[in-house]
Chemist: 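So that we are looking at the same thing, I have put the structure below in structure tokens.
Order of listing sets the numbers, starting from 1, for every ligand and every atom in it. We number each residue from 1, following the sequence as shown.
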Amino acid sequence: MKMEKAIIPFGDHLLRKRSKPVSKFDEELSGLLDDLTNILYAAEGRAGLAAPQIGVLKRVIVMDCGSGKIELINPEILETSGEQMGPEACLSFPGYTGIVKRANYVKVKSQTRNQAEVLLEGEGFLARCFQHEIDHLNGVLYIDHIQDDELYDDHTRQQVNLREMLRLSGKK
Ligand code: CO
């Protein structure tokens, strides 16, 4: 029987691990991409989901930042430029929003599920998505980038103790 995959809880040490490159472009990879897709599209306020968020330490991401589904395998940021400051959230700890500084433009080298190499570019929100998701593959969370405690509870709109969140997230 196939185990149902789900988003692992905040604080799980796997969220802080570095994921391994994909070397086999096989059925298991297709299955992982399909699992990520299903979980992503079932989630509210979704933008992207990286494999480590479902407990699989592989360099695989599925994202949809408003312009359709993008599958990333072994993605690498080749170039960045500019700067943007804006709100960011994560399916691994829903209910919070942080203000995060990111590059405004990124160029990404990646692979498709058929092992083809592709070059992708993003600006604004799409660039933010690329950076957030690729961070997950390196055990980095958006709260690691927040300065001046700009993390908020979506319900109460109150500021959240960033240091405590970082501690709970297992940041060393
Ligand atoms: Co995230």
Side-chain angles (χ1 to χ4, degrees), residues 4-22 32-77 80 83-106 108 110 120 122-147 149-155 159-172:
E4 278 290 309
K5 290 274 183 219
I7 294 176
I8 61 173
F10 182 66
D12 191 304
H13 71 287
L14 291 180
L15 285 173
R16 288 305 193 178
K17 296 264 192 228
R18 191 177 167 84
S19 292
K20 295 203 167 65
V22 171
L32 174 59
L33 286 161
D34 294 342
D35 284 344
L36 286 168
T37 301
N38 292 336
I39 297 166
L40 176 68
Y41 283 94
E44 214 177 299
R46 68 198 159 55
L49 190 61
Q53 292 181 273
I54 62 167
V56 179
L57 293 178
K58 289 186 179 166
R59 303 186 81 78
V60 177
I61 289 163
V62 174
M63 55 184 238
D64 185 341
C65 297
S67 51
K69 186 171 87 156
I70 301 174
E71 295 181 347
L72 300 174
I73 297 150
N74 301 329
E76 268 176 65
I77 294 178
T80 65
E83 231 176 68
Q84 58 173 322
M85 200 76 179
E88 210 165 302
C90 182
L91 291 175
S92 291
F93 40 112
Y96 301 96
T97 300
I99 308 301
V100 183
K101 185 159 91 175
R102 297 283 190 186
N104 193 52
Y105 165 87
V106 293
V108 176
S110 185
L120 300 160
E123 257 189 325
F125 184 59
L126 183 56
R128 180 177 292 281
C129 288
F130 278 128
Q131 292 165 86
H132 177 116
E133 298 308 329
I134 292 170
D135 267 354
H136 274 301
L137 306 182
N138 300 320
V140 175
L141 302 174
Y142 80 78
I143 48 177
D144 301 347
H145 297 299
I146 295 177
Q147 277 143 26
D149 268 358
E150 285 196 300
L151 181 66
Y152 300 91
D153 184 306
D154 292 340
H155 264 289
Q159 202 175 59
V160 175
N161 186 321
L162 178 63
R163 227 163 265 283
E164 180 63 7
M165 280 294 276
L166 286 169
R167 192 185 65 76
L168 293 171
S169 77
K171 182 163 170 70
K172 295 210 178 82

Chemist: Restricting to ring-ring contact (aromatic ring centres under 6.0 Å, His included), what partner residues turn up for F10, sequence neighbours left out?
Modeler: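 Only F93 meet the ring-ring contact (aromatic ring centres under 6.0 Å, His included) criterion with F10.
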Chemist: Can you tell me how far CD of Q53 sits from CG of L91, rounded to the nearest 0.5 angstrom?
Modeler: 6.0 Å
Chemist: Which is it for D34 and K5 under the salt bridge (Lys or Arg N to Asp or Glu O under 4.0 Å) test, yes or no, and what are the steps along the way?
Modeler: CA-CA 11 Å; D34 294 342; K5 290 274 183 219; over 6 Å; no
Chemist: Applying the side chain to side chain contact (heavy atoms under 4.5 Å, CB included) test to I61, which of P75, P52, S19 qualifies?
Modeler: P75
Chemist: More than 12 non-hydrogen atoms from neighbouring residues, nucleotides or ligands closer than 6.0 Å to NZ on K17, yes or no?
Modeler: no
Chemist: Do other residues, nucleotides or ligands put more than 12 heavy atoms under 6.0 Å from the CD atom of E164?
Modeler: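 Buried by this count: over 12 neighbours within 6.0 Å.
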Chemist: Suppose the cut-off is 2.8 Å; which protein N/O/S atoms would you list for the Co ion (ligand 1)?
Modeler: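 The answer, once waters are left aside, is C90 SG, H132 NE2, H136 NE2.
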